[in-house]
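Throughout, a chain's letter reflects where its sequence line sits, starting with A, and its residues are numbered from 1.
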Protein chains: 2
Amino acid sequence: MLKNQTIPKATVKRLPLYYRYLRILFDSGKQKVSSKELSEAVKVDSATIRRDFSYFGELGKRGYGYDVEKLLDFFAKTLNDDRLTNVALVGVGNLGNALLKYHFHQSNSIRISAAFDVREDIVGKIVDGIPVYPISDMEEQIRIQQIDIAILTVPADKGQENAEKLVAAGIKGIMNFTPARLTVSSDILVQNVDLTNELQTLIYFLNHYKKEQTGE
Amino acid sequence: MLKNQTIPKATVKRLPLYYRYLRILFDSGKQKVSSKELSEAVKVDSATIRRDFSYFGELGKRGYGYDVEKLLDFFAKTLNDDRLTNVALVGVGNLGNALLKYHFHQSNSIRISAAFDVREDIVGKIVDGIPVYPISDMEEQIRIQQIDIAILTVPADKGQENAEKLVAAGIKGIMNFTPARLTVSSDILVQNVDLTNELQTLIYFLNHYKKEQTGE
DNA sequence: CTTTCTTGTGACCATTTTTTCAATTTCACA
DNA sequence: TGTGAAATTGAAAAAATGGTCACAAGAAAG
């Protein structure tokens, strides 16, 4: 047992995956699950799964497996999915619009509760139940709604300035869809999601690696 | 010099990042660049950059740095960005629609050249210059247009079946936006992009790691 | 009570990052 | 042109991180 350590990043990135499949199992009425079965569903080696789980303590029972409900509850708490997390979105363009309609909340306790944009034709509107505010309201709304995560979907050349506004407004984590690499104070977490990069990487693997797995 | 080896995955994932910034430098007229300068722009340690580059040979000059144009040309070739790559998109919903309008082609030689969906109200239409075909045309179009990469943006419960159709049609790589973990033959490359996972991971880091970087 | 199943983990292996520094080049200036 | 200081790469070595094997230990099932 390896409790009280910090969980490896690689492990953390797999937790939502486990969590999602556990919910499916629970909803289908299953009571127990083995690392082998989980492995086939989420495509992660069973030893890796057991190792991942072991960072959190002895969650399973030898010769039996893991109790689905117990594990599900545990991960819900671990992933903060037992309470609502409000998220802001900045930049209601093509991608921003799609994300507003993405319904994270359908299966998780995450919801976009405020959107921001500069365009006059969209500010003041309500998109899929989410109000779109002008950038000037950012600080106020983020404070009132106690939001500390933002999704950044503005054009590349507006990425840095909007990131700075978000940080000034008190945001602690940014999911950055712009190709710009943001410069922010080191206590702000930035998660880059760069679709072009992902495609280019896939193309490279396809042309050079042939017959292998690329992972995430 | 470490030529003729396969390039580490971690390195490949950073190549598009370098490539993008080199293009910016080139467009601004810069002739040379050092790993240190590059490091600040792309937020990757300069030693890591030098190591990454060294897998491809001795691209730089000691005491000088790297020649921007030479490096840019080299990466364009390496990333296959010197010729057009056609990509298919399956599932013209919210996200699919946004991706159709994403204009990968603006700054790279990647373009979505065919979309597929089941909905009658959209099949036959042209979205942002891209024709939307019925699923039944998939095999034909993918063959004719010699497409070997597809973006999968269908609902979660349609992910597996559409992946199978894509594979049957001859696709070699799939960028999977559904939360489903696809089961495909091992010579098919799958790149998973799970937005909910990314958000949940960010939330976890925010609550547990405080003041650290999460990287990609 | 024996067989089967399955976890948790030590030991090992692989990959990735970082440190360090010799080798090389540039540059300023005499 | 010659010389020393500053800049910068490339790579060896070390450190950190992540993944897998293999098996003892415990639990379940017959």
Salt bridge (Lys or Arg N to Asp or Glu O under 4.0 Å) filter on B/Lys165, not counting sequence neighbours, yields B/Glu161
Could you tell me how far apart [X] ([atom1]) and [N] ([atom2]) are, to the nearest whole angstrom?
X	N	atom1	atom2	value
A/Arg50	C/dA11	CZ	C1'	15 Å
A/Phe53	C/dT7	CZ	P	9 Å
A/Glu37	C/dC5	CD	P	14 Å
A/Glu58	D/dG26	CD	C1'	11 Å
A/Lys9	D/dG18	NZ	C1'	13 Å
B/Asp52	D/dT9	CG	P	13 Å
A/Leu59	D/dA27	CG	C1'	17 Å
A/Lys13	D/dT17	NZ	C1'	12 Å

Test item: A/Thr201 and B/Lys13 side chains (from C-beta on) under 4.5 Å apart, heavy atoms: yes
Beyond-backbone contact of A/Val184 with A/Val190, side-chain heavy atoms, under 4.5 angstrom
yes
Closest to the 5' end of DNA chain D, once A/Asp45 and A/Arg62 are matched to their nearest nucleotides, is A/Asp45
Checking D/dT8, D/dA27, D/dT20 against the side chain of A/Lys61 (C-beta onward), the nearest is D/dA27
### Task
Look at all strands and tell whether A/Ala10 reaches a base, only sugar-phosphate, or nothing, counting heavy atoms closer than 4.0 Å.
sugar-phosphate
OP1 or OP2 of [N] under 4.0 Å from side-chain N/O of [X]:
X	N	result
B/Ser35	D/dT9	yes
B/Arg14	C/dT17	yes
B/Thr48	C/dT18	yes
B/Arg51	C/dT20	no

Step by step, work out the side-chain hydrogen bond (donor to acceptor under 3.5 Å, both in side chains) result for B/Tyr19 and B/Asp81.
CA-CA 10 Å; B/Tyr19 182 53; B/Asp81 209 54; 2.8 Å; yes
Between A/Tyr66 and A/Tyr18, is the ring centre distance below 6.0 Å? no
Rounded to the nearest 0.5 angstrom, the OG-CD distance for A/Ser34 and A/Glu40 is 8.0 Å
Whichever of B/Lys32 and B/Thr11 has the more 5' nearest nucleotide on DNA chain C, that residue is B/Thr11
- Taking only Lys NZ, Arg NE, NH1 and NH2, and the carboxylate oxygens of Asp or Glu, determine whether A/Glu69 and A/Lys30 approach each other closer than 4.0 Å. no
Sorted by number, residues from residues 63-79 of chain A placing a heavy atom under 4.0 Å from DNA chain D are A/Gly63
